[in-house]
Amino acid sequence: MKDKESFTRKVKEELCGLTDTFSKEETISLLYAFLSTNGTISIGGNNNVSFKTEIANVIKFIYKLIKEYFPYVETSFSFVKQMKLYKATEFKLNIIEGGEEFLNELQFDILSTKIPAEIQNSEEKIRSFMTGLFLGTGSCNSPETSNYHLEFSVRDEGHAKAILKMMNKIKSARFDFKPINRRNRTVLYLKRSDLISMFLAYINANDCCIEFENIRVDRDFSNSANRLLNCDVYNYNKSINKSKEILEDIQTIENALGGLQVISNEKVRELCILKKENPEASYDDLASLLTEKLEKNVSKSNISHLIRKIKQMAEDYRRD
């Protein structure tokens with residue numbers, strides 16, 4: 001849990017350094033996404049609006065954006081110390097004056113899960129929406145864990161479908177978020193490490209993307225090396241066991257006949273003798289040895305065929 005929180009916090013704090021990169025239209029998209037997933041609206045009076053988060057820099061980031069583009073808004077700050085689980089502090093930015101006008105500019109409808117068309121009519125606005133979505137409710141496991149996972153928790157299935165439909169309009173990247181219901185929310189998640197890395201780059205969390213990629217590549221390389229080593233060990237053990245079976249078959253034949261020299265098939269006879277003399281020899285080694293012994297070309301496939309003959313002979317003698 002702690003690793004997940006720390007990497008998520010790192011991504012969000014990097015995004016908070018992008019204050020000067022958002023136009024007003026992009027800011028509207030970002031705030032809309034944040035408010036729709038991690039905000040509250042009090043109906044009546046001034047339509048009080050609150051943004052909440054457990055990261056102080058995120059609430060400062062939201063405040064700067066609102067002050068930059070919505071100067072008529074009056075705000076206040078508050079915080080609550082949570083007593084459950086890890087006792088985090090929840091920070092809140094409250095709009096106490098100008099809430100109704102603010103919501104109108106955002107075209108925010110608390111009764112609808114639809115996302116306004118104006119938020120979806122450019123790639124940059126969609127990118128800003130996804131940035132706001134991650135700031136509001138996103139989380140990402142540390143790449144140091146073996147469980148790659150990035151997710152958003154949204155209001156319900158209708159809201160999730162609207163977000164997925166909007167993401168289909170992205171031309172510069174293709175994600176594959178999957179929805180799942182969790183308690184009274186719907187979660188959109190990615191499990192593929194390459195798509196998580198791509199998403200971090202898409203929302204301009206470039207430093208975190210590089211960190212994620214470096215750790216992921218190192219981990220994948222290490223895992224690949226381990227897999228190759230395991231395969232080598234497996235193949236070696238398999239070869240040893242196969243060689244042991246062949247030697248047991250040859251011994252069965254030798255015991256039944258009173259010696260290997262009486263085997264009528266020349267290739268079978270010489271192969272049995274060579275295998276006993278070279279118990280660890282591979283099929284390639286046996287092919288070379290038998291070629292030299294018989295002074296005629298013997299291939300690896302010929303050795304395989306002769307081994308099957310030896311096995312069949314041994315089985316026949318065991319039945320007798």
Side-chain angles (χ1 to χ4, degrees), residues 1-16 18 22 26-41 49-63 65-66 79-80 82 84-86 88-94 106 108-110 112-116 119-120 125-142 148-167 170 175-191 195-196 199-200 202-205 208:
M1 176 67 79
K2 188 173 182 180
D3 288 340
K4 178 179 179 180
E5 290 164 11
S6 61
F7 190 74
T8 297
R9 178 181 290 270
K10 190 177 291 187
V11 175
K12 291 184 178 183
E13 293 197 342
E14 181 178 354
L15 295 176
C16 290
L18 303 176
F22 296 99
E26 292 160 7
T27 296
I28 287 174
S29 296
L30 186 153
L31 294 177
Y32 186 101
F34 193 106
L35 184 60
S36 66
T37 56
N38 210 28
T40 57
I41 300 173
V49 179
S50 296
F51 298 86
K52 58 183 180 178
T53 178
E54 294 177 356
I55 303 175
N57 282 342
V58 172
I59 214 67
K60 292 176 185 176
F61 174 71
I62 298 297
Y63 173 76
L65 290 176
I66 290 176
F79 65 91
V80 177
Q82 302 288 338
K84 299 178 180 179
L85 297 177
Y86 49 95
T89 299
E90 181 180 84
F91 300 94
K92 294 181 73 174
L93 174 65
N94 309 299
L106 264 59
F108 197 93
D109 183 355
I110 62 173
S112 174
T113 57
K114 292 183 179 179
I115 301 170
I119 287 178
Q120 307 182 53
K125 290 180 185 178
I126 295 174
R127 189 192 310 274
S128 299
F129 184 97
M130 301 310 296
T131 301
L133 194 63
F134 190 87
L135 284 171
T137 187
S139 68
C140 183
N141 283 8
S142 168
Y148 299 117
H149 189 87
L150 182 147
E151 70 172 41
F152 308 109
S153 176
V154 302
R155 294 194 312 238
D156 51 41
E157 289 186 32
H159 193 203
K161 287 179 181 178
I163 293 171
L164 290 173
K165 184 177 180 181
M166 182 185 68
M167 281 196 283
I170 299 173
F175 305 110
D176 188 26
F177 278 92
K178 303 293 186 184
I180 185 173
N181 292 322
R182 186 186 295 164
R183 293 185 287 276
N184 61 339
R185 305 274 287 185
T186 298
V187 172
L188 298 174
Y189 68 91
L190 289 176
K191 298 289 285 184
L195 294 181
I196 293 173
F199 182 82
L200 294 174
Y202 179 75
I203 60 175
N204 292 319
C208 287

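- The aromatic ring centres of Phe177 and Phe152 sit less than 6.0 Å apart.
- Between Tyr32 and Phe129, the ring-plane angle classifies as tilted under the 30° and 60° cut-offs.
- Within the 4.5 Å cutoff, the side chain of Asp176 has heavy atoms near those of the Leu195 side chain.
- Between Thr53 and Ile62 there is no side-chain heavy-atom pair separated by less than 4.5 Å.
- Around the NZ atom of Lys60, the shell of radius 6.0 Å holds no more than 12 heavy atoms that belong to other residues, nucleotides or ligands.
- Arg185 and Glu151 are not joined by a salt bridge, as no carboxylate oxygen comes within less than 4.0 angstrom of a charged side-chain nitrogen.
- At a threshold of 4.5 Å between non-hydrogen side-chain atoms, the residues Phe199 and Phe134 count as touching.
- Using a 4.5 Å heavy-atom threshold, the side chains of Ile66 and Thr27 count as separate.
- A 6.0 Å sphere centred on OH of Tyr189 holds more than 12 heavy atoms belonging to other residues, nucleotides or ligands.
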Starting from the C-alpha separation in whole Å, work towards a yes-or-no answer on side-chain contact (heavy atoms from CB on, under 4.5 Å) for Ile55 and Phe91. CA-CA 7 Å; Ile55 303 175; Phe91 300 94; over 6 Å; no
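- Under the 4.5 Å side-chain criterion, counting only non-hydrogen atoms from C-beta, Phe175 is not in contact with Leu188.
- Met130 has its side chain within reach of Met167: a pair of non-hydrogen atoms, C-beta onward, lies under 4.5 Å apart.
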